[in-house]
Amino acid sequence: MSSTTTGIGVGAVLEQCRAENRAALVGYLPVGFPSVAGSIEAMVAMVEAGVDIVEVGIPYSDPLMDGPVIAYAADQALKRGVHVADAFAATRAVRDAGAPPLVMSYWNLILRHGPTAFARDLAAAGGAGIITPDLIPDEAAEWIAASDETGLDRVFLVAPSSTEQRIAAVTAQCRGFVYAVSHMGVTGARTSMGDAAAVIVNRTKAVTDKPVCVGLGVSGGSQAAEVAAYADGVIVGSALVRCLTEADDPAAGLASLRALVGELAEGVRSGR
Amino acid sequence: MTGLTPEPLARPGRFGDFGGRYVPEALIPALEELDEARRKAMVDPEFMGELERLHRTYTGRPSIITEVPRFAAHAGGARIILKREDLNHTGSHKINNVLAQALLTKRMGKTRVIAETGAGQHGVATATAAALMGLECVIYMGKVDTERQALNVARMRMLGAEVVAVPTGSATLKDAINDALRDWVTNVGNTHYILGTVTGPHPFPEMVRDFHRVIGVEARAQVLDLTGRLPDAVIACVGGGSNAMGIFHRFIDDAGVRLIGIEAGGEGIESGRHAARFAASSPGVLHGTFSYLMQDDDGQTLESHSISAGLDYPSVGPEHAHLRDTGRAEYRYATDEQTMKAFELLCRTEGIIPALESAHALAGAIEVGRELGPDALLLVNLSGRGDKDMHTAAEWFGLIETDPVRSGTADEPRAEGDGRTQL
């Protein structure tokens, strides 16, 4: 596995899940909502409640891939003064809690920091890698070099609209896993996953042996089970964020977050 | 098809280091489809013939040029010629690009178009083309802008478009683009995004420039015809930069012609409330392209400010960034104050009410004219007409009793000798 995984990446966790004949549960939260400390507490709570991998989202002023729930939380976090550097503290806390942290960030934040410097700082903070929703491998030469230097995972996305040629080109550059977007659109919970997710996973698996995780739209245990039947990992974002945005107070938010993670963790174990 | 580009592009969609495609993978197939469609169309006599016919019989091209000696008397006595894009159907240069992209939409078999708009000019042009060609049309406009430009909202709705007021972020142009991109990634199967300026992911910067290139092609021949020589400088306002690229491009190989872009200086650089990207920003990525960007130390986009909604954008087309860094074009800025003086001057001396965007170019011409003196010949792109800006002008000049008087008088503006204004 040395060519597709590294010691600091998510490969070992995904291997372990595969050995348990189940999908991994990947949970997303933005750093800085409801506060920097509150978001770190929530990420650690997710790990304790059964998330295998944490996506540490960095709020961005122009989140064009995000639907209203995540966009709102990111906007609030920015208004409350969150900074890119806070993501490194979150990363360290998640790693210390026992799960590999993957940063999810729009490209300009990393570009501004300097891709090489960002990679070094992230690796030093215990990071596992970066998911880049608006960076395609074609534009990623500097990040690919920096991730090779540090051993960080680099997760690129494939979508239902991707041609076979692009799926092959994108997956070739992925390390850790391939992020399959379940449907055309922005982030946000959906009531039904439809067939598109299974189709894109199968198309991706036709060209790669790397793990394929599905994101966008999963909101509950039954959907997690449905996706876990064919994917190596189930990525949940908006539904988890909503636990925090709709809570009356932080404690209630954490309780509701733990409950949902528990349901999802059960889901990824019952899909096969 | 970019034979007149100053140098071969190292990578497709790049102007030197600038440009590229920083968008979600989900949009890449649509961008590649668009790139192929526009490349084929630009060498297809049927497409080019249809576009030429629309320009001639619908838009009113070629647009005329007008020499403005009474205005020029206040600009060091230089000869000043305006390219009258304000006389196009719908009142600005925007229609050139929109008609071409709407034709492309039909060629790609798509039935729905979406667009962003700031002041409303691009939205009105898109709604117009959609009505003409029977396309479903949704326009995204920041909520703040829908309030500032209520009449343009009514125009778009009258033309059959749905107008969505975007409440997120700063609720202005950049947020409208975010929502248009979200719509596009959701509905890309039947929808084309008619991006209104020379930014965004490849192929938009190159394609939109090519669809506006007609401005410079016409103007160069018209100026030669009228004066027997090329202008010393071509001056245009730069928000995203489409009218400027449109008039600059044909002159790029004319080494003796200075290309001067005028950005929005807002309330002045030191105030932080401006959109002078080249005066005070650094390269970064926004809306799919790598160019100069107003951003904070973390890379978060900063809010821009301009009295003109059409220039109120924190980034700028990547080809401008390249022209600037290679020195082929130069960029200055005009403050709101300087712009409103130039606006008033053109109204009073020539009987032409310019768009506030175009008034920035006029403010630039006043300064360049004073620098170059009476032998100079300047070509200025008058990119749009100012009807839409009457509310802002009425407030600024105190033309309506209930509006607060901010500055200016009703007197004829004075020529200000050779005293240079800061630009």
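The sequence lines fix the lettering, A, B, ..., with proteins before strands; numbering per chain opens at 1.
Side-chain atoms of B:R324 and B:Y292 form a donor-acceptor pair, as typed in the model, at a separation below 3.5 Å. Under the 3.5 Å distance criterion, with hydrogens and angles disregarded, a donor-acceptor pair is assigned to the side chains of B:D183 and B:Y140. B:T117 and B:Q121 are not linked by any side-chain donor-acceptor pair at a separation below 3.5 angstrom, with hydrogens and angles left out of the test. Side-chain atoms of B:H287 and B:N178 form a donor-acceptor pair, as typed in the model, at a separation below 3.5 Å. In this model, no donor atom of one side chain and acceptor atom of the other lie less than 3.5 Å apart for B:E267 and B:H274.
Proximity to chain B is limited to the backbone of A:D66, based on heavy atoms less than 4.5 angstrom apart. In this structure, no portion of B:T168 lies under 4.5 Å from any heavy atom of chain A. Both the backbone and the side chain of B:Q295 have a heavy atom closer than 4.5 Å to some heavy atom of chain A. Proximity to chain B (any heavy atom under 4.5 Å) is restricted, for A:V158, to the backbone atoms N, CA, C and O. Contacts of A:L78 with chain B are made by side-chain atoms alone, with heavy-atom separations under 4.5 Å and no backbone atom involved. For B:L293, the part sitting under 4.5 Å from any heavy atom of chain A is the side chain, from C-beta outward, and nothing else. For A:P68, no part lies under 4.5 angstrom from a heavy atom of chain B. Residue B:D297 touches chain A through both its backbone and its side chain, counting heavy-atom pairs closer than 4.5 Å. Using a 4.5 Å cut-off between heavy atoms, A:H113 does not touch chain B at all. With a 4.5 angstrom heavy-atom cutoff, A:L109 touches chain B via backbone and side-chain atoms both.
Note on B:K174 versus B:D312: no salt bridge recorded, every NZ/NE/NH1/NH2 to OD/OE distance being 4.0 Å or above.
Of the listed residues (A:D138, A:I110, A:L111), the one with the most heavy-atom contacts under 4.5 Å to chain B is A:L111.
The aromatic rings of A:F88 and A:F118 sit tilted relative to each other, their planes meeting at an angle between 30° and 60°. Note on ring orientation: taking the six-membered ring where Trp is involved, the planes of B:W184 and B:Y193 are perpendicular (angle over 60°, cut-offs 30° and 60°).
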